Amino acid sequence: MLSVPSSSGAPSLATTRLAFPSDCDVVVPLFQRQWSTRAVLEGLAKRYAPRTIHVIAPAATAEQIEAAAAAECWEAPQLTTHAEETFFVERFNLTKDDLGAILNLEKSLYAPGWFYQQLLKLGAEHGIASLSDDYLIWDADLLAVDAWPAVTEDGRLAYAFLQDNSRGNAKIVAAWEKWIRTVLGIEPAVDPAGQSTFVPHHMWFRRAHLNSLRKRIGDYYADTETPWPALMMRSANDFGTFSEFWLYASWSEAKHPESAPRPLPYTAYGATTERFFEDGTAPFATALRECLGLQMDEAFSPGYDEVLSFVEAFYAEAGRPIPSSLSFEASPRHRLKGRENMHVEELRSPWHTAAAE
């Protein structure tokens, strides 16, 4: 049985600081607290040390995270939370329910809250007065392990390609492409190496780029009166979906190439990243609990160092490369996904039970 080292012996990667601008923030939209939330947020604090980590969540969840961080002594001193329900009220007088009511999708893989979370990413400064001009969006289920710098050696903001483009739901990808070509009037950005999609689960956003993007959306609909979040929901009705990271990366590269964030090649970090269903009861969390000496009915909120120690020990013993990152998917739809729609990053993971079937 693997054992997690004591707190006096921190895992080797935990002490490795990754390049990150000292005056920039991280924004983490989050629907509900998961077993991995503490580890993800501590990982951001320890590895990147951003100025502030802004968590945007339902009010009850935001309060729960604040209470847990204090009670469990989370090692994320930069953490602050924001209620999502009224995020766009001060600027546009639109609540989460108002925007959700615009949607009229009879059949969709995605719930209204999924689309709303994309609006939070594209409009984070509307509800966070002190937000930095450049901010890094980080998905709440993405754990940095043997991760990448957020700035290149020549000072450009950077993100990593993490999803192989050879598998996945082609119908959804086609809908995203159509949205970009039609609404933005540009060609979708592509990986120069032809390996990755633009679903990296994290992305740098710049306010100036977002301002021109939002104006373009208003121009497409010939509507300067309706707030852009409402137009985005209208576009979801028109096209069935949209991809916040891909549409932003495409716009930024097409219209602001001199300052667009720079993607790191899939071979550098995507080739080892893993993605799998893990709601706290699946194989990864079960093995981690065993290492920590916890029963299934005991409280489970492991810190970053504990998770990282387990990962380093497991992969060393298995003779496998340490992943650059792990994505802990909690939505039940990922458990039901057919093998034909699984991504390469799912199929390579030893923790994805369905991939092994």
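Because the structure is a prediction, the values reported are computed rather than measured. Start at 1 with the first residue, then count along the sequence.
- For residues 207-227, the set of pairs meeting the ring pair (Phe, Tyr, Trp, His ring centres under 6.0 Å) definition, not counting sequence neighbours, comprises H209-H256.
- Put simply, M296 and W351 are part of two different groups of oily side chains (I, L, V, M, F, W, Y) that touch within less than 4.5 Å, one to the next.
- Defined by atom type and a distance below 3.5 Å, a donor-acceptor pair is present between the side-chain atoms of T197 and Q163.
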What donor-acceptor contacts under 3.5 angstrom involve side-chain atoms of residues 140-150, with partners at least two apart or in another chain?
unit_1	atom_1	unit_2	atom_2	d
W148	NE1	H202	NE2	3.2

Worksheet entry | Evaluation steps, side chain to side chain contact (heavy atoms under 4.5 Å, CB included), between S166 and V344 | CA-CA 8 Å; S166 64; V344 168; 3.6 Å; yes
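- Side-chain atoms of T37 come within 3.5 Å of backbone atoms of Q34 as a donor-acceptor pair (strictly under, hydrogens ignored).
- Counting only distance, with no hydrogens or angles, the side chain of N237 and the backbone of I102 share a donor-acceptor pair below 3.5 Å.
- Checked by atom type, the side-chain pair D154/T152 shows a donor-acceptor distance below 3.5 Å.
- With F198 as the partner, the ring-ring contact (aromatic ring centres under 6.0 Å, His included) test is satisfied by one option alone out of Y266, W176, F245, F161: F161.
- Looking only at atom types and distance, the side chain of T241 has no donor-acceptor partner in the side chain of W179 under 3.5 Å away.
- A donor-acceptor distance shorter than 3.5 angstrom exists from the side chain of R289 to the backbone of Q295, with no hydrogens or angles considered.
- Under the side chain to side chain donor-acceptor pair (under 3.5 Å) criterion, K121 pairs with D139, E244, not counting sequence neighbours.
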